[in-house]
Amino acid sequence: MSVLYVPSTNLVGRGCLQELAPFIEELGFKKALVVTDEFLNQSGIVSKVTAQLAKVDVDFIIYDQVKPNPTTKNVHDGVDIFKQEQCDFIVSVGGGSPQDAAKGIGLVVTNGGDVRSFEGVNQTEKKAVPTVAVNTTAGTSAEYTINYVITDEEREVKMVMVDKNSLVAVSVNDPELMVDKPKELTAATGMDALTHAIEAIVTPGAYKITDATALAAVETIFEYLPRAVANGHDLEAREQMAYVMFLAGLAFNNAGLGYVHAMAHQLGGVYDLPHGVCNAMLLPIVERENAKRDPKKFPAIAKAIGLDIAGKSEAECADAVIDAITQLSKQVGIPTKLSELGVDKVDLDKLAENSMKDACAPGNPFTPTKEEVINMFKEIL
Ligand SMILES: [Fe+2]
């Protein structure tokens with residue numbers, strides 16, 4: 001049996017935020033907790049969203065203290081405000097961070113307890129508070145998936161939660177909210193989407209629907225990500241990347257991920273590094289190891305990228321895919337060495353151990369030993 005999780009209502013495309021008000025009205029709630037970060041609040045993006053609430057006379061209160069890697073404190077502060085202000089639904093505005101924090105908040109409100117106890121797979125009993133998730137970056141798909149990641153500051157660990165109760169009520173992907181994103185963020189989130197697509201293709205959890213959407217995402221990323229990075233106001237490229245995020249999100253939300261994410265989460269947890277950058281750096285390394293053991297999915301990926309696969313073996317296709325990923329990373333300005341980002345080899349043992357415990361690890365096509373994980377980190381140190 002295959003299960004497909006997707007929010008019941010999803011708005012995608014240029015200007016779709018301007019059409020949000022009737023969907024909010026339909027939900028019938030009175031007061032929203034708007035979960036976001038300071039930058040988005042000050043930049044005016046949040047007010048574009050709250051204008052939609054005002055149109056249908058829905059009250060709101062803003063919590064804008066979500067950190068780039070959202071913390072357990074962010075979740076519990078948000079819960080306190082939700083209760084004090086007698087909110088009855090959540091509107092999340094942002095990339096992965098506010099979306100993840102909002103999922104944690106929504107689940108603690110309905111289930112009680114501490115978000116730390118939700119680590120792992122489907123650890124809650126009740127559905128989260130209904131949430132309208134407005135996405136502002138094309139990459140993480142957090143507004144759309146059943147996964148979220150919260151950093152436990154005390155343990156320096158990124159807790160990965162996979163919880164069907166965290167699925168939002170309405171997702172909104174309007175590329176017009178993404179045009180002012182800086183190049184680095186566009187590159188990192190776009191490479192995150194590529195990682196979602198490729199990990200969702202090679203995982204044993206893949207099936208016909210996820211393969212179809214993930215391969216379509218790969219094709220579009222190679223065509224449009226360099227354009228979106230080169231010129232953020234290229235609305236066609238931004239819109240294509242919004243669809244990519246949706247396609248790749250649908251794939252990994254239902255097929256699963258693998259060791260690229262398992263390892264990237266640790267770098268994010270210990271060094272607070274951007275998720276997409278860590279994924280982009282690790283993607284060719286992990287896929288080379290995956291392809292050595294089973295290259296059968298790589299001809300399809302090569303074809304989606306637009307590479308000439310005539311007469312090539314599966315292993316040769318895998319090499320060509322890995323080269324193409326490395327080239328794309330270079331083209332969009334992803335760093336090549338972890339040591340440049342402050343990663344220290346003394347931490348590799350802990351990073352490897354925690355990678356092996358990560359919720360994404362079981363999705364990988366093979367299970368590496370601790371030494372193999374350390375060696376993969378070393379390749380880009
Ligand atoms: Fe990701």
Side-chain angles (χ1 to χ4, degrees), residues 7-11 17-67 70-118 123-136 142-144 146 148-151 159 161 163-172 177:
S8 58
T9 304
N10 305 278
L11 314 186
L17 177 64
Q18 300 310 320
E19 313 289 326
L20 179 60
F23 292 92
I24 289 177
E25 193 172 33
E26 222 172 67
L27 293 172
F29 296 113
K30 301 258 177 302
K31 186 169 184 178
L33 173 69
V34 178
V35 179
T36 188
D37 63 38
E38 256 180 324
F39 173 78
L40 287 168
N41 196 12
Q42 285 163 10
S43 70
I45 286 193
V46 171
S47 60
K48 288 182 184 170
V49 179
T50 52
Q52 294 295 309
L53 298 171
K55 257 190 188 176
V56 287
D57 292 325
V58 170
D59 196 6
F60 62 89
I61 175 96
I62 297 173
Y63 170 59
D64 70 356
Q65 293 300 304
V66 177
K67 290 188 179 177
T71 62
T72 48
K73 182 177 181 332
N74 286 149
V75 171
H76 292 285
D77 287 352
V79 170
D80 290 345
I81 299 169
F82 186 97
K83 289 180 180 166
Q84 282 158 19
E85 296 286 332
Q86 299 183 317
C87 299
D88 53 5
F89 78 121
I90 294 174
V91 175
S92 50
V93 184
S97 314
Q99 305 300 345
D100 282 4
K103 288 181 192 174
I105 293 166
L107 285 165
V108 174
V109 167
T110 52
N111 287 276
D114 190 308
V115 72
R116 291 177 187 88
S117 66
F118 300 164
Q123 295 294 317
T124 61
E125 286 183 357
K126 295 178 189 157
K127 282 189 191 305
V129 172
T131 298
V132 176
V134 180
N135 182 28
T136 60
E143 76 291 347
Y144 175 81
I146 59 170
Y148 64 106
V149 181
I150 302 292
T151 299
M159 302 180 293
M161 288 74 153
D163 193 337
K164 61 184 183 339
N165 286 334
S166 70
L167 202 62
V168 303
V170 180
S171 83
V172 181
L177 298 181

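In this structure the side chain of Lys48 reaches within 4.5 angstrom of the side chain of Leu17, judged on heavy atoms. Between Val93 and Thr136 the shortest side-chain heavy-atom distance falls below 4.5 Å. You'll find the side chain of Thr72 reaches within 4.5 Å of the side chain of Arg116, heavy atoms only. At a threshold of 4.5 Å between non-hydrogen side-chain atoms, the residues Val91 and Phe60 do not count as touching. Proximity of Val134 to Ile45: side-chain heavy atoms (C-beta onward) are nowhere separated by under 4.5 Å. Using a 4.5 Å heavy-atom cutoff, the side chains of Asp64 and Val46 are not in contact. The side-chain heavy atoms of Ile61 and Tyr63, taken from C-beta on, include no pair separated by under 4.5 Å. Gln18 is listed as a side-chain neighbour of Gln52, based on a closest heavy-atom distance under 4.5 Å.
Considering all non-hydrogen atoms of both residues, Val35 and Ala101 come closest at CG1-CB, 4.3 Å. Residues Tyr144 and Leu167 come closest through the heavy atom pair O-CD1, 3.6 Å. In terms of heavy-atom proximity, Ala32 sits nearest to Leu53 at CB-CD1, 4.3 Å. For Ala142 against Gln99, the heavy-atom pair with the smallest separation is CB-CB, 3.6 Å. Here the closest heavy-atom approach between residue Gln86 and residue Lys31 is recorded as O-CB, 4.2 Å. The nearest pair of heavy atoms linking Asn74 to Pro70 is OD1-CA, 3.5 Å.
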Using side-chain contact (heavy atoms from CB on, under 4.5 Å), reason through Thr110 and Thr124 one step at a time and then give a plain yes or no. CA-CA 9 Å; Thr110 52; Thr124 61; over 6 Å; no
Could you walk me through whether Lys127 and Lys164 pass the side-chain contact (heavy atoms from CB on, under 4.5 Å) check? CA-CA 8 Å; Lys127 282 189 191 305; Lys164 61 184 183 339; over 6 Å; no
Walk me through it: do Asn111 and Glu125 pass the test side-chain contact (heavy atoms from CB on, under 4.5 Å)? CA-CA 7 Å; Asn111 287 276; Glu125 286 183 357; 4.0 Å; yes
Evaluate the side-chain contact (heavy atoms from CB on, under 4.5 Å) criterion for residues Val172 and Glu143: first the C-alpha distance (whole Å), next the side-chain angles of each, then the deciding distance (0.1 Å), finally the verdict. CA-CA 8 Å; Val172 181; Glu143 76 291 347; over 6 Å; no
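At distances below 3.5 Å, not a single donor-acceptor pair connects side-chain atoms of Gln123 with backbone N or O atoms of Phe118. Under the 3.5 Å distance criterion, the side-chain polar atoms of Thr131 are matched with a main-chain donor or acceptor of Val129. Without hydrogens or angle criteria, Asp88 side chain to Lys30 main chain gives a donor-acceptor distance under 3.5 Å. Proximity of a side-chain donor or acceptor of Asp100 to a complementary backbone N or O of Tyr148 within less than 3.5 Å is not detected. Here the side chain of Asp114 pairs no donor or acceptor atom with the backbone of Ser117 at under 3.5 angstrom.
Atom-to-atom distance recorded for Leu107:CG and Ile150:CD1 is 9.5 Å, nearest 0.5 angstrom. Taken from OG1 in Thr36 to CD in Gln42, the straight-line distance is 10.5 Å, to the nearest 0.5 Å. Atom-to-atom distance recorded for Leu40:CG and Leu177:CG is 9.0 Å, nearest 0.5 angstrom.
Shown here is Lys67, whose NZ atom has no more than 12 heavy atoms of other residues, nucleotides or ligands within 6.0 Å.
Across Leu27, Val168, Val49, a single residue satisfies side-chain contact (heavy atoms from CB on, under 4.5 Å) together with Val132, and that is Leu27.
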